Structure formats: C-alpha cells, structure tokens
Amino acid sequence: MADWLTPDQWSAVLLSLKVSFWATLLSLPLGVAVAYLLARYEFWGKQALNGLVHLPLILPPVVTGYLLLLTFGRRGAVGAFLEQAFGLVFAFRWTGAALAAAVMAFPLMVRAIRLAIEAVDPKLEQAASTLGASRPWVFATVTLPLILPGVIAGAILAFAKAMGEFGATITFVSNIPGQTQTLPSAIYSFLQVPGGDAKAMQLVLIAVAIALLALVLSEWLGRAVARRIAGS
C-alpha cells in the first residue's frame, strides 16, 4: 500500500488511524460512566446532561469545531490553562483533531453502551448488593461483563465515526499536511486541485474499507462476547 499511495496520502491514513484510536481509547471510560449514569439514575439535570451529550449530533460540525476553538484554543479559558499547567496544546495539533473526533463520536458511543446497560436486569445488580458487594464491585463483576458486547460495539462505532470526522476537525485544527490533515481532509484537498480526483478516490476506497471492516468487526466481537457470556 505504501507504493500505491503518495507520502501525503499515506500520512493522512496513518494520522486518521492515530487520531481515531486515541479519541476512542481516552473517551471510552467517560462514555461508560455517562451511559451508566443516564441508564441507572434519576437526578436533577438528567435531561440537560442527556441533551449536552447528544448536542454534537444535531449541531452543524463547523459550530462544534468553532466552540472547541473558543474553549480549547490557546486563548480559550481551558486551552490556556492546559498549556500553562501541562504544556498540552490542542489548537492546530493532532491532539486537537483527536479531541474533535472524540466529541463528535461520543454520542454514538454513549447511546450504544446505554442501551446495553438498560437491557441488564437491575435485579441482578440488586442481588449482588444484598450479598454485601460494593457498588463498584457489582459493576465490575456483574454489570460490565453483561454489557461488554455493547461497550465493544460502542467503541468500534466511535472509532469509525472518528475516522470520518471532517467539519469540526478542519474548523478546530485546520488542514495542515502531515500534522492535522486526516483522511477526510485529504480527500477534500485533493478534490480542490485539478487532477486530484484519482488520489481522492483512492482515499475514498480506503475510508469505505475501514468503515466496513469496523462494522463487521463490531458485529463479530459483539456476538463472540455474547456467546462466551451465555456459555459461562
């Protein structure tokens, strides 16, 4: 594949995989926690939290990217603090692309995991609690194994969404080859220059192949884990 693709194309593919991997990995614990909170608890502001989680799905991606720039840019309150305290910079860096991808993919991850949690009979958790198990231990030994197919499906779905993220990413971190130019950004760039259609099509085929592979892998892993849990 390295001979088939130009260095710019290969760089975009590798960067997209890197961004999607870290976006999924770092948002997964928060996704499980938020999904559990929404599925198992009633509290003041629950609908507001649910709306905030799903807001990236209904907002134009460019708006989400602009809000990220205002918040996590070097002049933003959060961005300035993170840079001064930890040397962490998001704007116009691949880390910002990972943040944008994580934000856009987060609602899909939470929804898949929440549905899996709601499918678990609460009486199973209550039975473990009556035997003296703490809430974290009940979650780790009872709930988590039962929702594992949903967690896997949510993570892979988020990864696939992160691979295709464009609007928020290009608004937040621009389109810098070798630094922030992901697969969708590279496709867009090639379509803007004469004779770039062939290179764009190559990347489109790669994007389609990765998306299909993610969906197939999600189904296979989910069913494999479900069969293992049923047989244990």
Side-chain angles (χ1 to χ4, degrees), residues 1-27 54-76 79 82-83 88-109 155-219:
M1 182 178 292
D3 295 333
W4 178 46
L5 300 177
T6 66
D8 286 344
Q9 290 173 302
W10 187 237
S11 175
V13 172
L14 292 179
L15 182 61
S16 286
L17 291 171
K18 177 181 178 180
V19 164
S20 300
F21 172 79
W22 285 108
T24 303
L25 182 66
L26 296 181
S27 63
H54 291 87
L55 195 60
L57 286 181
I58 56 177
L59 278 178
V62 173
V63 174
T64 302
Y66 182 62
L67 292 176
L68 288 173
L69 184 60
L70 291 178
T71 306
F72 292 94
R74 287 187 165 182
R75 295 183 180 180
L82 291 175
E83 183 177 4
L88 185 59
V89 178
F90 287 103
F92 308 108
R93 302 283 181 86
W94 77 267
T95 50
L99 176 61
V103 169
M104 296 301 295
F106 194 70
L108 299 178
M109 175 189 291
I156 296 179
L157 187 61
F159 180 88
K161 171 63 176 174
M163 283 290 299
E165 165 50 32
F166 174 70
T169 301
I170 200 170
T171 305
F172 185 30
V173 298
S174 189
N175 184 13
I176 307 172
Q179 297 184 43
T180 64
Q181 188 177 76
T182 57
L183 193 56
S185 301
I187 293 172
Y188 174 80
S189 296
F190 284 126
L191 289 175
Q192 304 309 303
V193 298
D197 292 4
K199 293 181 179 179
M201 180 54 67
Q202 289 175 323
L203 294 181
V204 167
L205 293 175
I206 292 175
V208 170
I210 292 174
L212 290 176
L213 179 62
L215 290 174
V216 171
L217 184 61
S218 174
E219 287 290 326

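In this chain, residues are counted from 1 in sequence order. Here the structure is a predicted model, which means the values were calculated and not measured.
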With sequence neighbours left out, what residues match Phe159 under ring pair (Phe, Tyr, Trp, His ring centres under 6.0 Å)?
-> none
Looking at Ala105 and Ala158, what are the two nearest heavy atoms and their distance?
-> CB-O, 3.4 Å
What's the shortest heavy-atom distance between Ala160 and Ala214, and which atoms?
-> CB-CB, 4.0 Å
Applied to residues 158-182, the salt bridge (Lys or Arg N to Asp or Glu O under 4.0 Å) test, sequence neighbours excluded, yields none
Contact summary for Leu68 and Ala100, nearest pair of heavy atoms = CD1-CA, 3.7 Å
Can you measure from CG (Leu108) to CG (Leu157) and round to the nearest 0.5 angstrom?
-> 5.0 Å
Check ring pair (Phe, Tyr, Trp, His ring centres under 6.0 Å) between Phe166 and all other residues, then give those that pass, not counting sequence neighbours.
-> Tyr188
At what distance, to the nearest 0.5 angstrom, does OG1 of Thr71 lie from CG of Leu82?
-> 11.0 Å
Quick one: OG1 on Thr180 to CG on Leu15, what's the gap to the nearest 0.5 Å?
-> 7.5 Å
For the atom pair CG (Leu203) and CD1 (Ile187), what is the distance rounded to the nearest 0.5 Å?
-> 5.0 Å
Restricting to pairs with a member in residues 189-207, which pass salt bridge (Lys or Arg N to Asp or Glu O under 4.0 Å), not counting sequence neighbours?
-> none
Contacts satisfying side-chain hydrogen bond (donor to acceptor under 3.5 Å, both in side chains) that involve residues 93-103 (not counting sequence neighbours) are none
Over 12 non-hydrogen atoms of neighbours within 6.0 angstrom of CZ in Phe92 = yes
Just jot down the side-chain contact (heavy atoms from CB on, under 4.5 Å) partners of Ala207, sequence neighbours excluded, or say none.
-> Leu183
Name all residues meeting the ring pair (Phe, Tyr, Trp, His ring centres under 6.0 Å) criterion together with Phe106; count only those two or more places apart in sequence or in a different chain, and write none if there are none.
-> none
Just distance, no hydrogens or angles: give the donor-acceptor pairs under 3.5 Å from side chains in residues 167-178, sequence neighbours left out.
unit_1 : atom_1 : unit_2 : atom_2 : d
Thr171 : OG1    : Gly167 : O      : 2.8
Asn175 : OD1    : Gln181 : NE2    : 3.1
Asn175 : ND2    : Ser189 : OG     : 2.6

Is any side-chain heavy atom of Trp10 less than 4.5 Å from a side-chain heavy atom of Leu14?
-> yes
Going from CD1 on Ile206 to CG on Leu213, what distance comes out if it is rounded to the nearest 0.5 angstrom?
-> 13.0 Å
Please name all residues satisfying side-chain contact (heavy atoms from CB on, under 4.5 Å) with Val193, sequence neighbours left out, ordered by chain then number.
-> none
So which heavy atom on Ala91 is nearest to which on Gly73, and how close?
-> CB-CA, 4.0 Å
Using the side chain to side chain contact (heavy atoms under 4.5 Å, CB included) rule, take Glu83 and Leu88 through it: C-alpha gap first, then chi angles, then the decisive distance, then the call.
-> CA-CA 5 Å; Glu83 183 177 4; Leu88 185 59; over 6 Å; no
Restricting to pairs with a member in residues 201-212, which pass side-chain hydrogen bond (donor to acceptor under 3.5 Å, both in side chains), not counting sequence neighbours?
-> Gln9-Gln202
Pairs flagged by side-chain hydrogen bond (donor to acceptor under 3.5 Å, both in side chains) wherever residues 11-24 is involved - sequence neighbours left out = none
Met163 side chain near Leu17 side chain, heavy-atom distance below 4.5 Å | yes
What residues, two or more places apart in sequence or in another chain, satisfy ring pair (Phe, Tyr, Trp, His ring centres under 6.0 Å) together with Phe190?
-> none
